[in-house]
**Q** 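Submitted below is the structure of interest, expressed as structure tokens.
Since this is a predicted model, take the numbers as computed values, not measurements. Here is how names work: the chains are called A, B, and so on, in the same order as the sequence lines, proteins then strands, and each is numbered from 1.
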Amino acid sequence: MAFWLIKSDPEEYSWDDLNRDKFTVWDGVRNYQARNYLKSMKAGELVLFYHSRISQAIVGIAEVIRTAFPDLNADEPDWYSIEIAPLRSLKKLISLEHIKATDALSKLPLILQPRLSVMPISEDEFKLILELSN
DNA sequence: GCCAACGTTGGC
DNA sequence: GCCAACGTTGGC
């Protein structure tokens, strides 16, 4: 069981959009590292949903409902999509500022690799974020 | 809205 | 195969 974090610019596709849609195809990833993480996601694994730019906070928990399949919008082969569905919103948003100020979260790729849009997160980190959001 | 940082592309 | 130029991302 792995845990993940994905980023979305809420002006493009927000947590509210996902809740309205009930589920969505997560496509358009064009970064090899992010692609490899996408491919290793399994159904039922949990995904923190992070808003970049305007909001800059983890806002909810989603679930992988379909594992990697070819990204139909890609010009080239070997790009993949998954499907996710919203599970629940966090009671309290976990802001980037808060994450940066929390020692136990300072190793997150979110901080070390600011431009990576799909990343793994450890179980400890995941649990801590849930605690902080209560 | 700006722009630094990063990843990718393509000319050599 | 190097690296300058370019496009994109996302924090500020």
Side-chain angles (χ1 to χ4, degrees):
Chain A
M1 180 80 178
F3 298 89
W4 308 95
L5 184 150
I6 60 175
K7 295 199 284 201
S8 187
D9 181 344
E11 290 188 326
E12 297 218 352
Y13 194 84
S14 70
W15 178 243
D16 284 346
D17 292 332
L18 179 58
N19 279 278
R20 182 202 59 214
D21 293 345
K22 309 296 184 202
F23 73 97
T24 198
V25 174
W26 205 255
D27 60 6
V29 170
R30 296 291 181 276
N31 169 285
Y32 292 108
Q33 200 179 355
R35 189 273 312 271
N36 292 341
Y37 288 138
L38 264 195
K39 282 175 75 176
S40 57
M41 289 184 180
K42 298 188 177 70
E45 288 183 338
L46 302 181
V47 182
L48 297 173
F49 197 96
Y50 175 85
H51 276 169
S52 65
R53 295 179 58 82
I54 305 301
S55 159
Q56 295 181 207
I58 300 170
V59 294
I61 307 170
E63 180 185 6
V64 178
I65 57 170
R66 184 179 174 191
T67 53
F69 58 99
D71 184 339
L72 301 175
N73 292 317
D75 297 333
E76 305 166 347
D78 219 27
W79 294 113
Y80 293 88
S81 317
I82 58 162
E83 285 180 5
I84 58 170
L87 270 188
R88 64 177 178 85
S89 301
L90 298 186
K91 275 188 215 159
K92 284 191 293 185
L93 307 190
I94 303 297
S95 69
L96 179 62
E97 194 182 12
H98 190 173
I99 293 167
K100 283 186 165 173
T102 304
D103 280 349
L105 298 176
S106 62
K107 295 290 188 328
L108 282 184
L110 189 67
I111 301 193
L112 301 177
Q113 285 177 266
R115 299 186 53 189
L116 185 62
S117 63
V118 178
M119 65 192 76
I121 177 168
S122 75
E123 184 169 5
D124 287 346
E125 289 162 339
F126 186 86
K127 283 179 176 166
L128 177 58
I129 288 166
L130 290 200
E131 279 171 31
L132 296 174
S133 69
N134 255 315

**Q** Go through the side-chain N and O atoms of Ser106(A) and Asp103(A) and say whether any donor and acceptor fall under 3.5 Å apart.
**A**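 Ser106(A) vs Asp103(A): no donor-acceptor pair found between side chains.
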**Q** If you assign Arg30(A) and Ile54(A) each to the DNA chain B nucleotide with the nearest heavy atom, which residue ends up on the more 5' nucleotide?
**A**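 Here Ile54(A) is the residue nearer the 5' end.
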**Q** Within a 6.0 Å radius of atom CZ on Phe23(A), are there more than 12 heavy atoms belonging to other residues, nucleotides or ligands?
**A** no
**Q** Do any side-chain nitrogens or oxygens of Tyr50(A) fall under 4.0 Å of OP1 or OP2 in dG11(C)?
**A**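 Yes, because at least one side-chain N or O of Tyr50(A) sits under 4.0 Å from OP1 or OP2 of dG11(C).
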**Q** Tell me what Gln56(A) touches on the nucleic acid: a base, only sugar-phosphate, or nothing, going by heavy atoms under 4.0 Å.
**A** base
**Q** Whole-Å distance between dT8(C) P and Leu116(A) CG?
**A** 18 Å
**Q** From CD1 of Ile99(A) over to P of dC12(C), roughly how many Å is that when rounded to an integer?
**A**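 Rounded to whole Å, this separation is 12 Å.
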**Q** In this structure, how many angstroms lie between the C1' atom of dT9(C) and the CD1 atom of Ile6(A), rounded?
**A** 16 Å
**Q** By nearest atom, which of the nucleotides dC6(B), dT8(B), dG11(C) is closest to the Tyr32(A) side chain?
**A** dT8(B)
**Q** Atom CD of Gln113(A) to atom C1' of dT8(C): distance rounded to whole Å?
**A**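 It is 16 Å, rounded to the nearest whole Å.
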**Q** For Glu76(A) and for Pro114(A), locate the closest nucleotide of DNA chain B by heavy-atom distance; then report the residue assigned to the nucleotide nearer the 5' terminus.
**A** Pro114(A)
**Q** Where each residue is assigned the nucleotide of DNA chain C containing its nearest heavy atom, which of Arg115(A) and His51(A) is assigned the position nearer the 5′ end?
**A**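 That would be Arg115(A).
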**Q** Would you kindly check whether a donor in the side chain of Arg53(A) faces an acceptor in the base of dG11(C), or vice versa, at under 3.5 angstrom?
**A**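 By the distance-only test, yes, there is a pair.
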**Q** Hey, can you tell me if Trp26(A) and Tyr13(A) have their rings parallel, tilted or perpendicular (30° and 60° cut-offs)?
**A**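 Ring orientation, 0 to 90° scale: perpendicular.
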**Q** Tell me the interatomic distance from Ile58(A), atom CD1, to dG10(C), atom C1', rounded to whole angstroms.
**A**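 After rounding, the gap between these two atoms is 15 Å.
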**Q** How close or far is atom P of dG10(C) from atom CG of Leu112(A), stated in whole angstroms?
**A** 15 Å
**Q** Keeping the roles fixed (side chain from Glu45(A), backbone from Ala2(A)), state whether a donor-acceptor pair exists under 3.5 Å.
**A** yes
**Q** Between dG10(C), dC12(C), dT8(B), which nucleotide gets closest to the side-chain atoms of Leu96(A)?
**A**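 Side chain of Leu96(A) sits closest to dC12(C).
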**Q** Could you tell me whether the phosphate oxygens of dT9(C), OP1 or OP2, come under 4.0 Å of any side-chain nitrogen or oxygen in Lys7(A)?
**A**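 Answer no for this pair, as no side-chain N or O of Lys7(A) is under 4.0 Å from OP1 or OP2.
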**Q** Could you tell me whether Trp15(A) and Tyr50(A) have their ring centroids closer than 6.0 angstrom?
**A**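 Ring centroids of Trp15(A) and Tyr50(A) are no less than 6.0 Å from each other.
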**Q** Just how far, in rounded Å, is P of dC6(B) from CG of Asn31(A)?
**A** 13 Å
**Q** Roughly how many Å is it from CD in Glu11(A) to C1' in dG11(C), rounded to a whole number?
**A**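 Distance check: Glu11(A) CD to dG11(C) C1' gives 14 Å.
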